[in-house]
Amino acid sequence: METETVEKPRAGLRVGVQKFGTFLSGMIMPNIGAFIAWGLITALFIPDGFLPNEQLALLVDPMITFLLPLLIGYTGGHAIYGLRGGVVGAAATMGVIVGTDIPMFIGAMIMGPLAAWVMKKLDALWEGRIKPGFEMLVNNFSAGILAAIMAILGMLIVGPAVKAFSQGAAAAVDFLVQHGLLPLTSILIEPAKILFLNNAINHGILTPLGTEESLNTGKSMLFLLESNPGPGLGLLLAYTVFGRGMARASAPGAALIQFVGGIHEIYFPYVLMKPVIVLAPILGGMTGVFTLVVTDAGLRSPAAPGSILAVYAATASDSYLGVTLSVLFAAIVSFVVAAAILKFSKASDGDELGEATSKMEAMKGKKSSVASSLVSAAAVSGPIRSVVFACDAGMGSSAMGASVLRNKIKDAGFGEVKVTNSAIANLTDTYDIVVTHQDLTDRAKPKTESATHVSVDNFMNSPRYDEIVELVRKSNGDAGDPAAEDTTAVAPTTAEDSSAAPAEEAQPSHEVLQPGGVVLSGTATERDSAIEEVGQLLMQRGSVDADYVKAMHERETSVSTYMGNFLAIPHGTNDAKEHINHSAVAVVRYPEGIDWGGKDVKFVVGVAGLNNEHLKILASIAKIFTNKEQVAQLEQATSVQEILDLFGKVNTK
């Protein structure tokens with residue numbers, strides 16, 4: 001009997017390379033200040049510098065030859081075995097320094113960790129076996145003997161081997177430059193950044209080679225292959241102009257963080273949410289590298305982080321124009337390509353940015369505080385007792401969102417947390433968490449300054465809801481009984497807060513949804529005509545007058561009523577409640593879908609609620625549209641009765 005062979009997941013290799021790159025970065029990044037110091041001294045005091053000074057220029061060679069490799073060797077050894085490992089690693093690094101005539105960064109990244117690892121293993125052999133009083137003697141001599149052996153090994157074997165590798169890599173780079181192929185490296189570098197493999201490429205190869213080249217020629221374009229902020233800037237500007245939802249709203253802030261702060265990982269989720277758009281930074285990066293080749297521009301030292309400020313600080317004196325053009329052209333090309341992709345690609349459903357951020361963090365293997373800051377909820381001090389979902393009118397969107405969120409929190413075992421909905425005008429600063437559509441958050445904040453504010457773009461299945469549940473879990477401790485009494489069913493005590501009545505509390509006094517209010521195939525082709533079509537159904541029921549339909553259009557211009565999962569629930573503004581005669585709901589299905597502000601909508605549910613009678617039906621609708629199977633059944637329904645049956649007992653008195 002043959003045994004089926006299962007291929008090992010490739011993700012393991014990627015994770016391994018990520019860890020290796022992170023380890024390399026851990027040796028280089030803590031010493032970037034020393035690299036910058038060397039770069040500044042070089043730029044200022046060498047014969048071709050800004051302030052030529054023969055005496056001060058004597059610092060250049062010792063720093064690049066001895067100081068920087070020793071710092072790297074010590075840092076690598078310290079990461080493996082603390083202070084003891086750092087000392088042994090630095091001593092062993094002297095071997096590769098003396099054994100070659102080139103800056104030995106790669107050799108330091110080998111000898112430092114290797115010597116510390118051997119020291120750690122040797123100490124483990126005689127741990128607990130040393131007689132009292134001899135510990136210091138054994139520890140010092142063992143470290144000294146090992147350091148001497150490793151230094152000799154580095155001088156005779158590792159150093160020459162690393163030199164041969166460096167010469168080969170330098171020859172390969174020179175070949176690419178001579179044949180105009182260096183821009184093609186962006187095809188590897190840009191996707192590698194998205195997969196968090198950039199540290200292995202940048203700190204393992206480009207920084208050592210670039211430093212050696214800079215020592216010989218005064219500059220190197222290799223420093224800018226990975227750290228050029230132009231491609232990421234162009235991508236984020238394209239999302240700022242042509243993006244949708246949360247991606248568009250957060251892109252300007254992300255662009256500032258990426259370009260000035262130098263945190264390139266901030267744009268990774270924007271690529272992951274639409275993978276084909278990786279072509280933008282690739283082509284932008286190729287353009288930037290080509291510009292560097294044509295202008296013969298480069299940096300004196302690494303630019304870390306990849307901020308435009310760090311780039312200019314490290315730019316060689318004769319390269320400011322070339323570097324500026326490289327960043328500018330890279331940004332322009334990236335913007336044009338990304339804009340074309342965003343403009344002509346079909347909008348997808350859901351909160352893509354939040355989902356892409358989670359995907360990015362999964363690939364990275366840890367939480368990204370920078371990227372998550374664009375979409376995540378803030379921390380809350382103390383237990384969470386009240387959550388309010390607020391919208392303009394407090395009737396439709398907020399009721400739907402509150403229903404979905406309430407069920408999630410209750411299912412997590414926190415039935416004591418009160419989840420209500422409210423009009424923004426009726427908000428008071430008494431809530432722990434305030435959830436709003438991203439376009440309404442700024443209006444809600446002044447009324448609830450002490451609360452944590454969470455912005456959503458998708459009311460039905462936003463990833464922010466899961467973050468709120470996690471926030472409740474962290475703030476309130478272990479969950480209680482999921483079946484505990486739901487205190488959200490408590491009715492409001494004041495008329496002013498009547499809009500905050502929870503969905504489960506409302507009971508319609510008549511059938512708000514009737515067969516005449518359901519259309520299986522609407523005739524509208526775009527959002528405004530769809531609002532008019534569903535509004536006319538409400539008017540035919542005698543539920544509202546023409547002014548309410550007008551208010552439905554006004555509501556849509558202020559903030560979208562798109563809920564997610566192909567659903568939109570247009571309704572009037574808070575001021576339009578006086579134009580409601582009795583509660584009613586109308587449903588129009590668009591089998592082919594219509595464009596709703598960049599979202600694909602197949603179901604338009606018009607809502608007119610008097611005295612909160614519509615809230616129960618909205619809760620039922622929310623349960624339906626959070627269930628993908630039931631949404632599929634709605635799409636396949638062939639009769640009005642099937643639609644009514646799927647909505648369940650929404651008309652129960």
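This one's a predicted model, so the numbers in the text were calculated from it and none came from an experiment. Below, each value reflects all heavy atoms present in this structure, side chains not excepted, and no hydrogens, waters or symmetry copies.
The closest side-chain heavy-atom distance from V604 to R527 is not below 4.5 Å. By the 4.5 Å heavy-atom criterion applied to side chains, L233 and Q258 are counted as neighbours. At least one side-chain heavy atom of V585 sits under 4.5 Å from a side-chain heavy atom of V605. By the 4.5 Å heavy-atom criterion applied to side chains, T420 and Y431 are counted as neighbours. Inter-residue side-chain proximity for T452 and V434 is flagged as unmet; no heavy-atom pair is nearer than 4.5 Å. L405 places a side-chain heavy atom less than 4.5 Å from the side chain of I468. Using a 4.5 Å heavy-atom cutoff, the side chains of F603 and I569 are not in contact. For the pair F389 and V456, the minimum side-chain heavy-atom distance is below 4.5 Å.
In this structure, OG on S334 lies 15.0 Å from CZ on F329, to the nearest 0.5 angstrom. Taken to the nearest 0.5 Å, the CG atom of L237 stands 11.0 Å off from the CZ atom of F242. Interatomic distance, M539 CE to Y548 OH, rounded to the nearest 0.5 Å: 12.5 Å. Distance check, rounded to the nearest 0.5 Å: CG of N407 to OH of Y465 gives 11.5 Å. Annotation: the span from E416 atom CD to K410 atom NZ amounts to 12.0 Å, rounded to 0.5 Å. Taking NZ of K550 as the reference point, atom NE2 of H553 lies at 10.5 Å (rounded to 0.5 Å).
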Go through Y239 and R248 one step at a time and tell me if the side chain to side chain contact (heavy atoms under 4.5 Å, CB included) criterion holds.
-> CA-CA 5 Å; Y239 267 104; R248 180 174 184 174; 6.0 Å; no
Would S529 and E532 count as a side chain to side chain donor-acceptor pair (under 3.5 Å) if you check the C-alpha gap in whole Å, the side-chain angles of each, and the deciding distance to 0.1 Å?
-> CA-CA 5 Å; S529 58; E532 192 67 29; over 6 Å; no
Go through the steps for E556 and M552 under the test side chain to side chain contact (heavy atoms under 4.5 Å, CB included), then give the verdict.
-> CA-CA 6 Å; E556 202 66 40; M552 293 171 70; over 6 Å; no
Side chain to side chain contact (heavy atoms under 4.5 Å, CB included) assessment of L538 paired with V549 | CA-CA 9 Å; L538 294 175; V549 178; 5.9 Å; no
Worked check of side chain to side chain contact (heavy atoms under 4.5 Å, CB included) between I257 and V260 | CA-CA 6 Å; I257 293 173; V260 180; over 6 Å; no
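Remark: F335 pairs with no residue by the ring pair (Phe, Tyr, Trp, His ring centres under 6.0 Å) rule, at least two apart or across chains. For D466, the salt bridge (charged side-chain N to carboxylate O under 4.0 Å, His left out) partners at least two apart in sequence or on another chain are K408.
Counting all heavy atoms, side chain and backbone alike, A251 lies closest to Y270 at N-OH, 3.6 Å. Taking all atoms of both residues into account, the shortest heavy-atom contact from A330 to N228 is CB-ND2, 4.2 Å. Considering all non-hydrogen atoms of both residues, A608 and V544 come closest at CB-CG1, 3.5 Å. Between D432 and P383, the shortest heavy-atom distance links the atoms OD2-O, 3.9 Å. Nearest heavy-atom pair, S422 versus V388, reported as atom, atom and distance to 0.1 Å: CB-CG2, 3.7 Å. Here the closest non-hydrogen pair linking L235 and V271 is CD2-CG2, 3.5 Å.
Although no hydrogens or angles enter the test, the distance criterion places no donor-acceptor pair under 3.5 Å between the side chain of Y590 and the main chain of T525. A donor-acceptor pair under 3.5 Å is absent between the side-chain atoms of T436 and the main chain of S455, judged by distance alone. Here the side chain of E533 pairs a donor or acceptor atom with the backbone of T523 at under 3.5 angstrom. Listed for the R385 side chain is no donor-acceptor partner under 3.5 Å among the backbone atoms of V417. The backbone N or O of L236 lies less than 3.5 Å from a partner atom in the side chain of T240, making a donor-acceptor pair. Panel note: side chain H571, backbone T561; no donor-acceptor pair is recorded below 3.5 Å. With hydrogens and angles disregarded, no donor-acceptor distance shorter than 3.5 Å links the side chain of R406 to the backbone of K418. A distance-only check finds no donor-acceptor pair linking the side chain of H579 to the backbone of A546 [under 3.5 Å]. The main-chain N or O of G542 is found under 3.5 Å from a side-chain atom of N581 such that the two form a donor-acceptor pair. At least one donor-acceptor pair under 3.5 Å links the side chain of H453 to the backbone N or O of T448.
Within a 6.0 Å sphere centred on CD of E592, other residues, nucleotides and ligands contribute 12 heavy atoms or fewer.
Within the structure, every pair that satisfies the salt bridge (Lys or Arg N to Asp or Glu O under 4.0 Å) test and touches residues 601-610, not counting sequence neighbours, is listed here: K602-E635.
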